Each structure stands twice: as C-alpha cells, then as structure tokens.
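First up is the structure itself, then whatever we jot down about it.
All values reported here derive from a predicted model rather than from experimental measurement. Read the numbers this way: they start at 1 and go in the same order the structure lists the ligands and their atoms.
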Amino acid sequence: MSKALSNRINSLPVSQTLAMAAKARELKEQGKDIISLSLGEPDFNTPDFIKDAAIEAINQNYNSYTPVDGYGELKEAICTKFKRDNNLDYQPNQIVVSTGAKQSIANVAQVLLNPGDEVLLPAPYWVSYSAIAMLCEAKFIEIPSSIDNDFKITPQQLEEAITPKTKMVFFNSPNNPSGSIYSEEEYRALAAVLEKYPHIYILSDEIYEHINYGVKPFSFAAIESMYDRTITVNGLAKAFAMTGWRIGYIGAPDWIAKACTKMQGQITSGTNCIAQRAAITAVLASPDKVQYMVDEFRSRRDIVLDLLGKIEGFKLNIPEGAFYIFPDVSAFFGKTIKGKEIKDANDFSMLLLEEANVATVTGDAFGAPECIRMSYAASELQLREAIKRIKEVLS
Ligand SMILES: Cc1ncc(COP(=O)(O)O)c(C=O)c1O
C-alpha cells in the first residue's frame with residue numbers, strides 16, 4: 001500500500017467474495033479446471049422482454065443525463081411494485097434509484113451515520129455492510145447466530161446489543177449468505193424491541209425477495225411502528241438476472257430519500273438511462289415471469305443439499321431463499337487433509353480451491369467463521385462435479 005493513500009482506503013478490507021473470484025479466474029487462466037461457486041450472480045440471461053425495452057430506449061434516443069433520483073416513470077413503477085409485492089405505501093418522493101443496491105446502501109449509510117455511531121449487523125451478513133459502515137467511520141457490532149437457530153438472531157440478542165450509540169440495524173431477508181428468511185412473526189418480535197429505542201433506524205435489504213422457495217418474505221417497513229424509520233432496499237440484479245445493469249432503489253422516509261439524492265448528486269448523478277428505461281418494464285412485470293429461474297434454483301438447492309448431506313462433516317440448514325448454501329464446516333477444523341492443516345474456514349476454503357479446484361468463500365467474510373459459502377448459481381452438471389471433487393478430497 002502506498003503511504004500516499006488515505007487512511008480510509010488503507011484500512012478498508014478488499015471484498016473477499018471478489019478476491020476469491022479473482023483468484024479463481026487467475027487459476028483458470030493458468031489452465032486449471034476451476035469450478036467457481038464463489039460469486040453471487042445468477043447464471044441466466046436477462047429475460048428478452050427486458051432486453052427489448054432497453055433496445056427500444058436506445059432507439060428512442062434516451063442518452064441524456066437522468067434525474068438524480070431516477071426517472072419519474074420508474075419511481076412510479078417502483079411505488080406500484082412496493083404496493084403489489086410488499087403492501088407498502090410509498091410515494092415517488094420517497095424513492096431513490098441508484099447504481100445498484102450497493103450504492104443505495106452506501107448512500108443511506110453516508111447520510112445517517114456519524115463517526116462513532118454503532119451499526120448492528122446480525123451475522124452472517126453480506127460482506128459489504130461492514131465495509132460500508134467502516135467508510136462512515138461507524139463501528140459495526142456483530143450479533144452472532146448459528147446454524148442451530150437457522151442463522152437468525154433473537155429479540156433478546158438484539159436488545160443486548162443496543163447501546164445509546166446504536167444508530168442503525170441492518171436486516172437482510174432472504175439472507176446472503178445463509179438463505180434464511182425471517183417470518184412476519186419473527187420480524188414483529190424484533191420490532192417490539194426496536195419500538196423501545198426510537199433513535200435506531202432500520203435498513204431492510206430485500207434484494208433476494210423473489211428468490212424464495214415457498215416462504216414469502218415479509219417487509220420490515222410493513223410493521224406500522226417501523227415504517228417511519230425503515231429504509232427498504234431492493235434492486236433488479238438478483239431476481240431479473242441483471243447484475244451488470246446496475247439498478248437498485250430505496251423506499252424511505254422523504255427526508256432520508258432527499259438526503260440520499262443530495263449525496264448521489266455529488267458522487268454519481270442519476271444512474272444509466274437505458275438501464276432505467278428497461279427497469280420500468282422489469283419492476284412492473286409480474287414476478288411469475290421470472291419464476292422459471294426460481295424453480296431452477298430450487299431444484300439445484302435440493303440436489304446440493306442431498307449431495308453435501310452425504311459428506312460427513314458438513315452441517316447444513318435448509319435455505320429458504322437466495323442461491324447459497326452456508327454449511328458449518330467446523331468438524332474439519334484441527335484435521336490434516338492432503339497434508340494441509342485445517343485450522344479454520346479460510347484453510348478449508350483454500351483446500352477446496354487448491355485440491356478440488358472448487359472456489360467457495362470463507363464464512364469469515366460474513367461474520368460466521370465456522371462456515372463457508374457455496375453459490376448454486378451454477379449449472380447442475382457443474383454442481384454435481386464440484387461436490388464429487390470435494391467428496392474425493394475429503395475422503
Ligand atoms: C444482500 C445483498 N445486498 C445487496 C447486494 C448488491 O446488489 P447490487 O448488485 O444491486 O448492487 C448484494 C449483491 O451481492 C447482496 O447480496
């Protein structure tokens with residue numbers, strides 16, 4: 001690291017999911033037959049009806065700067081979607097469209113957090129939450145969970161983590177990396193705690209909402225007492241296979257939305273015009289139109305659970321959504337496999353990469369150091385082959 005770089009960037013960790021993907025790519029380029037189960041990206045193409053809307057937008061000469069908070073038509077469409085899918089009443093002035101949900105989350109953190117504020121992260125959590133909090137010089141406090149309680153925190157744990165400095169709590173359901181979904185009842189129990197602490201804001205990241213296997217996710221802002229202090233985050237990347245299109249959005253109290261617009265106006269301005277026009281079509285489409293992807297993910301999940309369940313040492317929960325398996329692999333810690341000592345999940349994930357040529361991500365990155373994350377956004381053939389190789393290495 002150059003000394004000329006700011007303390008801010010020097011202290012920022014590299015995203016471990018991206019680092020693992022880069023390492024896998026490097027090995028592939030060296031000629032190794034790597035199966036990558038490390039990235040959180042659907043392996044489908046964007047549906048044609050969305051691509052057509054983008055092509056039409058290009059032909060209609062959508063090429064100018066866009067309004068910072070997004071096209072009015074798109075914000076209206078997002079309000080319709082929030083009512084249709086989440087029973088949430090938002091007006092267009094409460095919506096801000098951004099360059100991916102990642103930017104939406106970064107905006108919210110930047111406008112709400114002061115140095116020294118505490119952010120509660122129920123673990124396991126998506127890797128960028130902690131980095132985004134760090135960039136705001138806030139302190140992130142992990143609330144641990146384990147596979148034995150389906151990777152969910154209890155109201156008591158939440159209450160114990162709260163201090164006068166707590167400013168925000170980040171919820172994510174369906175969850176990356178665990179696939180767990182909080183039920184309405186579980187969310188209401190957590191909200192009952194938060195009702196006692198009106199100084200705390202809630203970020204509810206619902207980007208995997210459509211990728212669920214029967215348990216319909218519940219929106220935190222649908223709890224009346226929470227609506228005025230919840231920021232609902234969503235985006236198109238996961239459900240519509242549009243990761244590269246970079247569209248995310250929030251529904252939030254008007255004053256928070258305004259602040260996010262101000263922040264975004266100085267950093268990126270409004271997001272890409274073509275992607276926004278296509279997004280109008282995507283958010284207004286019935287979720288049934290992408291059900292074929294969800295059905296495919298479900299079938300792969302079942303295959304992976306079945307095959308991994310036959311390998312001694314893998315402790316599994318049944319993920320109800322998203323496209324990850326998050327096994328507890330602590331049974332392997334302290335063992336020596338293929339001459340390599342496995343002290344922790346980092347060693348285990350490295351063993352799988354080097355000996356089985358399968359890329360996964362260590363649970364450390366998600367605040368769950370006894371687990372690894374495996375994405376099943378890969379073909380059935382690749383998944384079967386990957387697990388066969390893992391089994392061979394471990395036996
Ligand atoms: C939980 C979670 N939130 C947000 C994002 C970011 O989404 P986007 O690609 O829209 O920035 C991801 C992407 O991996 C995610 O897993």
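At a 4.0 Å heavy-atom cut-off, the residues surrounding ligand 1 are Gly100, Ala101, Lys102, Trp126, Tyr129, Asn172, Asn176, Asp205, Ile207, Tyr208, Ala237, Lys238, Arg246, listed by chain and number.
There is a side-chain donor-acceptor pair under 3.5 Å between Glu206 and Ser219.
Taking the ring axis of Phe49 as reference, the NZ or CZ atom of Lys289 stays within 45° of it and closer than 6.0 Å to the ring centre.
Residues that satisfy the side-chain hydrogen bond (donor to acceptor under 3.5 Å, both in side chains) test with Glu29, not counting sequence neighbours, are absent from this structure. For Lys23, there are no salt bridge (charged side-chain N to carboxylate O under 4.0 Å, His left out) partners two or more places apart in sequence or in a different chain.
Under the 4.0 Å criterion applied to side-chain N and carboxylate O atoms, Arg300 and Asp295 are not assigned as salt-bridge partners.
Listed by first and then second residue, the salt bridge (charged side-chain N to carboxylate O under 4.0 Å, His left out) pairs involving residues 357-370 amount to none (not counting sequence neighbours).
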